[in-house]
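Notes follow the structure.
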Amino acid sequence: AALRIDDSQVGFMASSANGPTIMSTLMQPDSPDVRFAVYYYSLSLTPDGRYTDEFAAACQNRGCLVEELAGVTTIDPALPVFIVKAGQDFIPHINEGLDHFAETLRAAGAPVTVVDYADGVHGFDTQQRTEESARIIAETVDFMRAQFDLDETGAAPDPGPHFR
């Protein structure tokens, strides 16, 4: 409240090695109430632990510490998730992991959108200035806007006391 943040209007976006931190946070029985999660070319965690060892090995030389995160234990079937895969990603198993993550979410009934950027590289949103990357970024913003019930100008039907 002191920062004038409406805690009912929070969403998470993560990319690359930041994804497991958000997944680990959101996939707990006492997870925070958020409106959505967006993952760009992210390492992924699932309750069955598939790909966790592979990602821990990939992280070992890059400074991300997957093995220190809380175990993923639950899936929120009401949490909308937006996933973007980069087809030319250099990290082993990252796209297979994201496919498995999406399948796991769908099996739990969660609404999942997966965007495949076949020519995208890891970090495409900052590395590739293409029509396709611009379209994907715009689609991501539209997804977030929809989760916050905002129109194309960014206005909410009833913005509440924190935004007036």
Derivation and outcome, side-chain contact (heavy atoms from CB on, under 4.5 Å), residues Met144 and Met13: CA-CA 9 Å; Met144 289 190 252; Met13 181 172 180; 3.9 Å; yes

Intermediate values then yes/no, ring-ring contact (aromatic ring centres under 6.0 Å, His included), Tyr51 and Phe101: CA-CA 10 Å; Tyr51 297 108; Phe101 179 54; over 10 Å; no

Working for side-chain contact (heavy atoms from CB on, under 4.5 Å), residues Asp149 and Arg35: CA-CA 10 Å; Asp149 298 321; Arg35 300 292 289 266; 3.2 Å; yes

Trace of the side-chain contact (heavy atoms from CB on, under 4.5 Å) decision for Tyr39 with Met23: CA-CA 9 Å; Tyr39 300 102; Met23 291 173 193; 3.5 Å; yes

Evaluation steps, side-chain contact (heavy atoms from CB on, under 4.5 Å), between Leu79 and Val34: CA-CA 8 Å; Leu79 181 68; Val34 298; 3.7 Å; yes

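Around atom CG of Asp48, more than 12 heavy atoms belonging to other residues, nucleotides or ligands sit under 6.0 Å away.
Residue Ala108 comes nearest to Pro77 through the heavy atom pair O-CB, 3.1 Å, listed as atom of the first residue, atom of the second, then distance. The two residues Leu26 and Phe12 make their nearest non-hydrogen contact at CD2-CE1, 3.5 Å. Here the closest heavy-atom approach between residue Thr21 and residue Thr25 is recorded as O-OG1, 2.9 Å. When every heavy atom of His122 is checked against every heavy atom of Ile94, the shortest pair comes out as CE1-CD1, 4.0 Å. In this structure, Ala110 and Asp76 approach most closely via the heavy-atom pair CB-O, 3.8 Å. Here the closest non-hydrogen pair linking Asp116 and Lys85 is OD1-CE, 2.7 Å.
Taking 4.5 Å as the limit, some side-chain heavy atom of Tyr40 sits within range of a side-chain heavy atom of Ile137. At a threshold of 4.5 Å between non-hydrogen side-chain atoms, the residues Thr46 and Val72 do not count as touching. Residues Val114 and Leu98 fail the side-chain proximity criterion, which asks for heavy atoms closer than 4.5 Å. At least one side-chain heavy atom of Pro20 sits under 4.5 Å from a side-chain heavy atom of Ser42. Between Pro47 and Met27 the shortest side-chain heavy-atom distance falls below 4.5 Å. Using a 4.5 Å cut-off on side-chain heavy atoms (C-beta onward), Asp89 and Asn95 make contact. Using a 4.5 Å heavy-atom cutoff, the side chains of Thr52 and Leu45 are in contact. Side chains of Ile136 and Phe124 form a contact here, defined as non-hydrogen atoms less than 4.5 Å apart.
A salt bridge between Asp142 and Arg135 is absent, with no side-chain N of the basic residue lying under 4.0 Å from a carboxylate O of the acidic one.
Formation of a donor-acceptor pair under 3.5 Å by the Ser133 side chain with backbone atoms of Thr130 is found in this model. Judged purely by atom type and a 3.5 angstrom limit, Arg50 has no side-chain atom pairing as donor or acceptor with the backbone of Gly97. Side-chain N or O atoms of Gln88 include one that pairs as donor or acceptor with a backbone N or O of Ala118 at under 3.5 Å. Checked by atom type and distance alone, the side chain of Gln9 never pairs as donor or acceptor with a backbone atom of Ile5 at under 3.5 Å.
For the residue pair His100/Ser44, the side-chain donor-acceptor check at 3.5 Å is not satisfied.
With ring centers used as reference points, Tyr41 lies 6.0 Å or more from Tyr117. Less than 6.0 angstrom separates the ring centroid of Phe148 from the ring centroid of Phe36.
Between Phe143 and Phe82, the two ring planes are tilted [angle within 30° to 60°].
Here CG of Leu105 is found 6.0 Å from CD1 of Ile83. Values are rounded to the nearest 0.5 Å.
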